[in-house]
Amino acid sequence: MFTRAITRRPSEEMVNGITSASLGKPDFQLALKQHEAYCQVLIHLGLDVTVLDSEPGFPDCCFVEDTAVVCEEVAVVTPLGASSRQGEQESIEPVLALFKPVVRISSPAHIEGGDVLQVEDTFYIGLSDRTNHEGAVALGAAVEPFGYKWKEMACCPSLHFKTDVNFIGNNTILVSPCCEDMEELAHFDRIVVEDDEAYARNCLLINDTVIVPDGFPQTLAKVRGTGVETVVLDVSEYRKLDGGLTCLSLRF
Ligand code: CIR
């Protein structure tokens, strides 16, 4: 069960965030409203939410998920893979230290939290342009003492592993067609989300509820078809920066 989350408001600098999307610049005022709505949903779902101020000089700082990997026993603070984001983790560490013992990973290891999917006692760590083998090994070493297993996963040509694969409870994952047949995922019930709704592969499970991005009716129907509770949230301005629902918080 998650009881807490950390989020970080965007700043006007978000218009300079990294993106591969062709959806235009985010509208900062709308992004702020969407961020507030996101935090309210987490609160409504029972989480105690710490909302940090944005950090000058870091246009992508609202994507706080990428700065750490947090489990019940420990918070692993990670050097990010994107050069313009290196340093974002420095101000997250003391906040995490209020709640968890912190392990700090150092370069040349790089990890972004968007590449790490924890399902029960296993961490699936995607190797991407942002997360390297050294990072996966360092994260594995940090969590193994607590009985966790970890697996290195190939990434499809996507930003992060969780761009393609997300757990929605009841042994079920949302997957892209290119990850559907991964051996390491064969024990899950797999719901394939086709490319026309690719963004909706990044749904967010908070305890017994799945948050689904607004505007993806096929995926919403498939998620609802599993019997799980759903909440629909509009995060259009974050999509313009390749950011999905999971990216906007650290949960633990
Ligand atoms: C980036 O490219 O780093 C940001 N514009 C988006 C980060 C999204 N984070 C995530 O999926 N965990």
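Since the structure is predicted, the reported quantities are computational estimates derived from the model, not experimental observations. Every number for a ligand or one of its atoms is a count from 1 in the order of the listing.
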Using heavy-atom distances only, which candidate in K240, R130, R239 approaches atom 1 (C) of ligand 1 most closely?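 The nearest heavy atom belongs to R130.
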Quick one: which ligand 1 atoms are inside 4.0 Å of a heavy atom on G114?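 Checking each atom against G114, I get 12 (N).
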Are R4 and F252 in a cation-pi setup, meaning NZ or CZ lies under 6.0 angstrom from the ring centre and within 45 degrees of the ring axis?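 No, cation not above the ring by the 6.0 Å, 45° rule.
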Answer yes if Y38 and V210 sit in the same cluster of Ile, Leu, Val, Met, Phe, Trp and Tyr residues linked by side chain heavy atoms under 4.5 Å apart, and no otherwise.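 No; tracing contacts between hydrophobic side chains, which count when under 4.5 Å, never links both residues.
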Checking T219 against E197: is there a side-chain donor and acceptor pair closer than 3.5 Å?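 A pair is found: one side chain offers a donor N or O, the other an acceptor, under 3.5 Å apart.
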Below 4.0 Å from ligand 1: does a non-hydrogen atom of L241 turn up there or not?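 Heavy atoms of L241 do come under 4.0 Å of ligand 1.
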Taking the non-hydrogen atoms of T246, is any one of them nearer than 4.0 angstrom to ligand 1?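 It does not; every heavy atom stays at 4.0 Å or beyond.
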Of the side chain and backbone of D66, name the one, both, or neither that has a heavy atom under 4.0 Å from an atom of ligand 1.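 The side chain, only.
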Ligand 1 contact on R85 by region, counting heavy-atom pairs under 4.0 Å: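 It is the side chain that gets close, since no backbone atom is under 4.0 Å.
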Do the ring centers of Y124 and F161 come within less than 6.0 Å of each other?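 No, too far apart.
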If you count every heavy atom of other residues, nucleotides or ligands that lies below 6.0 Å from E184 atom CD, does the total exceed 12?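 Yes, enclosed.
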SG-SG distance between C156 and C178 under 2.5 Å?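 Yes; the two sulfurs sit under 2.5 Å apart.
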For atom 11 (O) of ligand 1, grab the closest protein heavy atom and report residue, atom and distance to one decimal in Å.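 The answer is C247 SG, 2.7 Å.
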Tell me: protein heavy atom nearest atom 4 (C) of ligand 1, and distance?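 Result for atom 4 (C) of ligand 1: D60 OD1, 3.3 Å.
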